[in-house]
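Everything on this sheet refers to the single structure shown next.
Lettering follows sequence order; numbering is per chain, from 1.
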Amino acid sequence: METFVKKRSFISEARSPQKKIKLESDEGMEQDEEDEEFSHPVPWQKIEAEGLDCDYALLFSKEEADNLFKQLEEEVVYSTGEEAKVQVFGKVYDIPRKQATYGDAGLTYTYSRVTRLANSWTPTLEYIRDAVTKTTGRAFNFVLVNRYKDGQDHMGEHRDDEKELDPLCPIASISLGAPRDFIFRHRDARGKQSLRQIEPVKLELAHGSLLLMNSPTNTFWYHSLPVRKKSSLPRINLTFRRIVVDRKK
DNA sequence: TGGTTAGCAGACCC
DNA sequence: AGGGTCTGCTAACC
């Protein structure tokens, strides 16, 4: 049975998923927003299930996505050593992909018991961040970069539920490079005697695409990027987030 | 207190 | 026949 979300099935109106509100401006950012800079509005596909709310769109053309991928390959510096390891069920493993963290000065992000300090934004990451902001009306102060060198690199099921994240702000996921399957599973449909039977939601994340994961998706749904042996090319994923800044000294 | 961004084994399906 | 995929399990630590 094919449970993948059909491409182009019900493309909604060509407008942003959130109303064009004025940007929640962080300090001293752009004043008057030229909506026309990223000229044509993007056609969004709504992806919904019980407790799941996502918006999917092709944000960048193939040509632009190609260039962005190339630039990121030159700019991004990935973690090594202890920061490239993860501890699960008492054992330490090498993370089966590469990771990097970028964001506003001084921000930290704790992921699976390892706290990482954000590197300062690179030009390309800033450019993509601003493109995402212009098309969504959301501001982000942090991005987690994951690089999957081929179909063997992967990420297991998890939720993005770190408590330093602003729970109401969507997470914006940009995909560049090889397309990969992306799977959602409801938390009540996991385990042997799962409480309920809920079909997973599966989609393929395309080169240049943007997936917005809106609240409360990450409360109820785990997601993963499973191994795909037939995939041989690299993929870079950027997840833009809003980290709540603790204003205490 | 309870959840686990990892790998692995066994079942299933081409 | 066997490789790819999917699911459930893990049993230490924070």
Side-chain angles (χ1 to χ4, degrees), chain A residues 1-5 49 51-52 54 76 78-103 107-118 142-167 170-175 177-205 211 213 215-243:
Chain A
M1 170 181 33
E2 199 37 80
T3 53
F4 270 72
V5 172
L52 183 147
C54 294
V76 174
Y78 292 94
S79 299
T80 58
E82 288 312 300
E83 288 200 344
K85 295 186 186 304
V86 64
Q87 190 175 12
V88 185
F89 283 100
K91 298 191 182 113
V92 177
Y93 304 94
D94 291 328
I95 292 175
R97 63 192 171 275
K98 284 183 177 170
Q99 285 193 327
T101 51
Y102 288 82
L107 281 187
T108 61
Y109 185 60
T110 301
Y111 151 91
S112 200
R113 302 189 197 97
V114 182
T115 297
R116 297 170 174 83
L117 179 63
F142 184 89
V143 63
L144 176 65
V145 184
N146 278 287
R147 185 184 189 278
Y148 305 86
K149 68 176 185 304
D150 58 29
Q152 301 273 27
D153 275 2
H154 63 280
M155 179 154 48
E157 268 189 349
H158 70 284
R159 295 178 292 170
D160 289 321
D161 58 350
E162 290 79 17
K163 53 167 175 281
E164 61 253 62
L165 292 178
D166 178 341
I171 292 175
S173 170
I174 292 281
S175 294
R180 287 287 293 267
D181 290 343
F182 188 75
I183 316 290
F184 286 103
R185 277 171 88 204
H186 195 284
R187 68 176 187 191
D188 292 346
R190 303 166 80 241
K192 181 142 197 179
Q193 50 337 13
S194 49
L195 303 149
R196 320 168 47 198
Q197 256 251 15
I198 305 174
E199 282 300 305
V201 175
K202 310 181 181 186
L203 49 158
E204 188 186 63
L205 300 180
L211 177 70
M213 289 177 274
S215 171
T217 303
N218 270 119
T219 303
F220 297 107
W221 292 76
Y222 288 70
H223 58 267
S224 66
L225 194 91
V227 167
R228 286 292 178 264
K229 308 251 187 201
K230 294 180 293 297
S231 178
S232 60
L233 297 174
R235 167 177 184 265
I236 294 175
N237 180 64
L238 312 173
T239 46
F240 292 91
R241 300 146 189 267
R242 171 178 284 283
I243 291 181

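- Looking at which nucleotide of DNA chain C each of A:Lys230 and A:Arg113 is closest to, the 5′-most match is held by A:Lys230.
- Atoms OG1 and CD, from A:Thr108 and A:Glu164 in turn, are 6.5 Å apart once rounded to the nearest 0.5 Å.
- Interatomic distance, A:Asn218 CG to A:His223 NE2, rounded to the nearest 0.5 Å: 6.0 Å.
- Counting any heavy atom pair closer than 4.0 Å across all strands shown, A:Arg187 reaches no nucleic acid atom.
- Residue A:Gln152 is out of contact with every strand shown, counting any heavy-atom pair closer than 4.0 Å.
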Paired and unpaired positions of DNA chain C as dot-bracket, Watson-Crick or G-U wobble under 3.5 Å, | denoting a partner strand:
.|||||||||.|||
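- Residue A:Arg228 places no side-chain atom within donor-acceptor reach of the base of C:dT5, judged by atom type and a 3.5 Å distance cut-off alone.
- A salt bridge links A:Glu157 with A:Arg185: the closest approach of a Lys/Arg side-chain nitrogen to an acidic carboxylate oxygen falls below 4.0 angstrom.
- Counting non-hydrogen atoms under 4.0 angstrom, A:His223 reaches nothing in the nucleic acid.
- Residue A:Asp160 is classed as a base contact, given a heavy-atom separation below 4.0 Å to a base.
- With ring centers used as reference points, A:Phe142 lies 6.0 Å or more from A:Tyr102.
- Backbone-only engagement by A:Tyr222 is indicated by non-hydrogen atom pairs under 4.0 Å involving sugar-phosphate atoms exclusively.
- The ring of A:Phe184 has its center closer than 6.0 angstrom to the ring center of A:Phe182.
- Near DNA chain B, meaning a heavy atom under 4.0 Å away, the residues from residues 83-92 of chain A are A:Val86, A:Val88, A:Phe89.
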